[in-house]
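Have a look at the structure below, then the notes.
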Amino acid sequence: MQAQYTASQQAADWLAAFAATLDRRDIDAAVGLFGDESYWRDLVSWTWNIKTVEGPAQIRDLLEHTLAQVKPSAWALDGEATETDGVVEAWFTFETAVARGKGLLRLKGGRCWTLLTTMVELKGFEEKKGERRIAGAEHGVHPGRKTWAELRAEEQATLGYSVQPDVVVIGGGQGGIALGARLRRLGVPTIIVEKNARAGDSWRNRYKSLCLHDPVWYDHLPYMPFPDDWPVFAPKDKVGDWLEAYTKIMELNYWSSTLAKNCRWDEASQRWEVTVEREGQTVVLRPKELVIALGVSGYANVPKIPGAETFLGEQHHSSKHTSSEPYRGKKCVVLGSNNSAHDICAALWENGADVTMVQRSSTHIAPSAALMELALGGLYSEQAVKNGIDHHKGDLIFASVPYKIMHTFHIPVYEEMQRREADFYARLEKAGFILDFGADGSGLFMKYLRRGSGYYIDVGASELVANGSVKLKSGVNIERIHPRSVTLTDGTELEADLIVYATGFGSMNHWLADLISPEAADRVGKVWGLGSDTPKDPGPWEGELRNMWKPTQVPHLWIHGGNLHQSRHYSQFLSLQLKARMAGIPTPVYGQAEVHHLR
């Protein structure tokens, strides 16, 4: 009987063939190992970029432009491959001239369907962990030795003054903190600039009822996962305290109560000049690299509505809504129907307010329990951990699905969600709520990637809408504001003591226009989105998130952010790019994205 050709043998043979073609620089043969439909996603290891190439022609172009300097070697399977529905999936390791990497391969019919290659560490610049950890204590007698506390105090007193940082990160929220931890481990002198008084205040200062809507397994920070009794959905103040403790434990140079005023590139010194106000003093920092980590959004969108200046009650953007307790018995109008709108409506109702949600356009609703089970559970859950998939492995599996076909993975998830939650959705629609499941039925995460808005993870507020506890006016907008009421576009007048504008945020590169210049913002172009040609994500197709975690069209300027998962995962690859530049390693960027949209 013929022995079975196992999944591991198939993967090992493909890797060996790929390695052989690359060793002899036979690009034709290498491209022939990929299927007619094939995707290669690289996170820094080959391209010094975050780049996906699609199809044999683009794969050929990547190899032609990168193979000579990458010098790949040491391809090896990492564990046993698996096969499901005719698709072989295999982890592997490899090396380049300057780095070590890890990847994930999928084969269909013996040829590559998807390939993920990621940089793990730079040779000679490895993190001092495991067997390379420092001793800490210096045994013996050393006159004039300084303690850890003295050395740390000295660093804090000099960095940014007599000693300049290599990197300045503007924004000390979860993104800046995660990146700061990565850079600290790589020995990159870094200052994080944060306008709030304490790390974590960007969470503490939000509305009282805010909790994470993503589960704990999805939200760990680098190096220091949450304790195993951490709540599945952490309250905002608990998250804030964790971020503050993390900055201290990870020894970050975190400048709180510090406002970035402006930034300019000095051609003569080849450094940025970053002017900040700290402790009543103007300080000019001169880093080689500047990272903007101010979240995935720009300034708050506050609509200009006729009569707003005449309103005698309170009106504010959702980002300024901190507590709902003062509005007991008050008439409250919340303009918007996404996450913040639902959370604030629920908090107002809990505190005895009379609440009306004004829904302008359709919204995707994903019940939290269904989302956990159907969309996230395979990679980020207690069961996933039991199955050997921790968040590190989950991140790479998630990253291995090319954005071009990611929606096809999600459509069945949300079809099943609609089937399971049919009664719930029917009740919402009966109440007048306008539902959608994304432009192509691919649901929440594709909406997040494409436009960063248009959804609510239901943790209870949708029931209030469905049963009428929170009143709803849908398919309308506020046309005019009066001293104690608002008129909607359908002619309805609503009494109002409070108006909350849960109307989202502008483009992230508005920060660049103010901090650097409008010209720099236009050179960088639109931030976020894939070019999917769906609502609020204009084409052409780009294949990766615009300008995130990779070189922009303004040299030495980087943008970092996203949810906790993205801040954790992509901080690894941004930190390696920054370390390589500090170390003087050549970093020829392949496939730098063109700018198609300015805002």
Side-chain angles (χ1 to χ4, degrees), residues 207 209-219 230-236 239 318 334 336-350 355 357 359-384 394 398 406-472 474 502 504 563-565:
Y207 51 89
S209 62
L210 177 65
C211 287
L212 280 173
H213 288 182
D214 299 319
V216 63
W217 306 275
Y218 187 76
D219 291 334
W230 197 260
V232 175
F233 303 107
K236 69 180 182 75
V239 175
S318 58
V334 177
S337 56
N338 295 337
N339 266 335
S340 293
H342 277 84
D343 283 350
I344 290 169
C345 281
L348 286 166
W349 180 84
E350 284 181 337
V355 191
M357 175 188 289
Q359 182 187 24
R360 297 172 297 171
S361 56
S362 66
T363 305
H364 172 56
I365 305 292
S368 177
L371 187 72
M372 288 266 293
E373 180 184 348
L374 297 173
L376 291 173
L379 299 182
Y380 302 102
S381 66
E382 205 61 41
Q383 188 58 50
F398 198 90
M406 185 177 280
H407 66 287
T408 67
F409 286 66
H410 286 255
I411 289 170
V413 168
Y414 291 93
E415 287 176 343
E416 175 62 14
M417 190 179 290
Q418 288 185 73
R419 188 190 68 77
R420 289 193 190 186
E421 304 290 341
D423 291 344
F424 165 73
Y425 288 126
R427 291 174 60 242
L428 264 180
E429 290 188 308
K430 187 177 179 182
F433 197 86
I434 309 170
L435 288 168
D436 73 55
F437 284 84
D440 50 11
S442 58
L444 189 145
F445 198 71
M446 294 310 299
K447 264 199 157 186
Y448 171 69
L449 293 170
R450 291 164 173 171
R451 54 183 281 189
S453 64
Y455 51 83
Y456 168 56
I457 300 174
D458 180 31
V459 292
S462 287
E463 177 58 33
L464 297 176
V465 175
N467 67 26
S469 298
V470 168
K471 300 167 188 174
L472 176 69
S474 57
N563 59 28
L564 279 158
H565 154 254

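- To the nearest 0.5 Å, the span separating NE2 on H364 from CD1 on I434 amounts to 16.0 Å.
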Can you list, pair by pair, the side-chain donor-acceptor contacts under 3.5 Å of residues 366-379, counting residues two or more places apart and other chains?
{"from": "E373", "atom 1": "OE1", "to": "R420", "atom 2": "NH1", "distance (Å)": "2.9"}
{"from": "E373", "atom 1": "OE2", "to": "R420", "atom 2": "NH1", "distance (Å)": "3.0"}
{"from": "E373", "atom 1": "OE2", "to": "R420", "atom 2": "NH2", "distance (Å)": "3.3"}

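- Taking CZ from R427 and OG from S462, the interatomic distance works out to 10.0 Å, rounded to the nearest 0.5 Å.
- Across every non-hydrogen atom of A384 and S381, the tightest pair is N-OG, 3.0 Å.
- Summarising the geometry, atom CG belonging to D458 is positioned 9.0 Å from atom CD belonging to E421; distances are rounded to the nearest 0.5 Å.
- Between K236 and D343 there is no salt bridge, since none of the side-chain N atoms of the basic residue sits less than 4.0 Å from a carboxylate O of the acidic one.
- Surrounding CG of N467 are more than 12 heavy atoms belonging to other residues, nucleotides or ligands, all under 6.0 Å away.
- Smallest separation of non-hydrogen atoms from V465 and F433: CG1-CD1, 4.1 Å.
- When all heavy atoms of G454 and R451 are compared, the closest pair comes out as CA-NH2, 4.0 Å.
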Go through the steps for I365 and H342 under the test side-chain contact (heavy atoms from CB on, under 4.5 Å), then give the verdict. CA-CA 10 Å; I365 305 292; H342 277 84; 3.9 Å; yes
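- F445 has its ring centre less than 6.0 Å from the ring centre of F398.
- Within the 4.5 Å cutoff, the side chain of Y456 has heavy atoms near those of the N339 side chain.
- The distance from atom NE2 of H213 to atom CG of N563, rounded to the nearest 0.5 Å, is 13.0 Å.
- Annotation: the span from Q418 atom CD to E416 atom CD amounts to 10.5 Å, rounded to 0.5 Å.
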From CA spacing to verdict: side-chain contact (heavy atoms from CB on, under 4.5 Å), L212, D219: CA-CA 9 Å; L212 280 173; D219 291 334; 3.5 Å; yes
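- Side-chain contact between L435 and Y425: present, with at least one pair of heavy atoms (C-beta onward) separated by less than 4.5 Å.
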Go through the steps to decide whether D214 and Y380 satisfy the test side chain to side chain donor-acceptor pair (under 3.5 Å), and finish with yes or no. CA-CA 10 Å; D214 299 319; Y380 302 102; over 6 Å; no
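- Residues I344 and S318 have side chains in contact (heavy-atom distance under 4.5 Å, counting atoms from C-beta outward).
- Between the NE2 atom in H410 and the NZ atom in K447 there is a gap of 14.5 Å [rounded to 0.5 Å].
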Check the pair L564 / Y218 against side-chain contact (heavy atoms from CB on, under 4.5 Å), numbers first and verdict last. CA-CA 8 Å; L564 279 158; Y218 187 76; over 6 Å; no
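- Shown here for S361 and S337, the closest heavy-atom pair between the two residues is O-OG, 3.8 Å.
- Pairing each heavy atom of L472 with each of G432, the nearest pair is CD2-C, 3.5 Å.
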Show your working on side-chain contact (heavy atoms from CB on, under 4.5 Å) between F437 and E415 and close with a plain yes or no. CA-CA 9 Å; F437 284 84; E415 287 176 343; over 6 Å; no
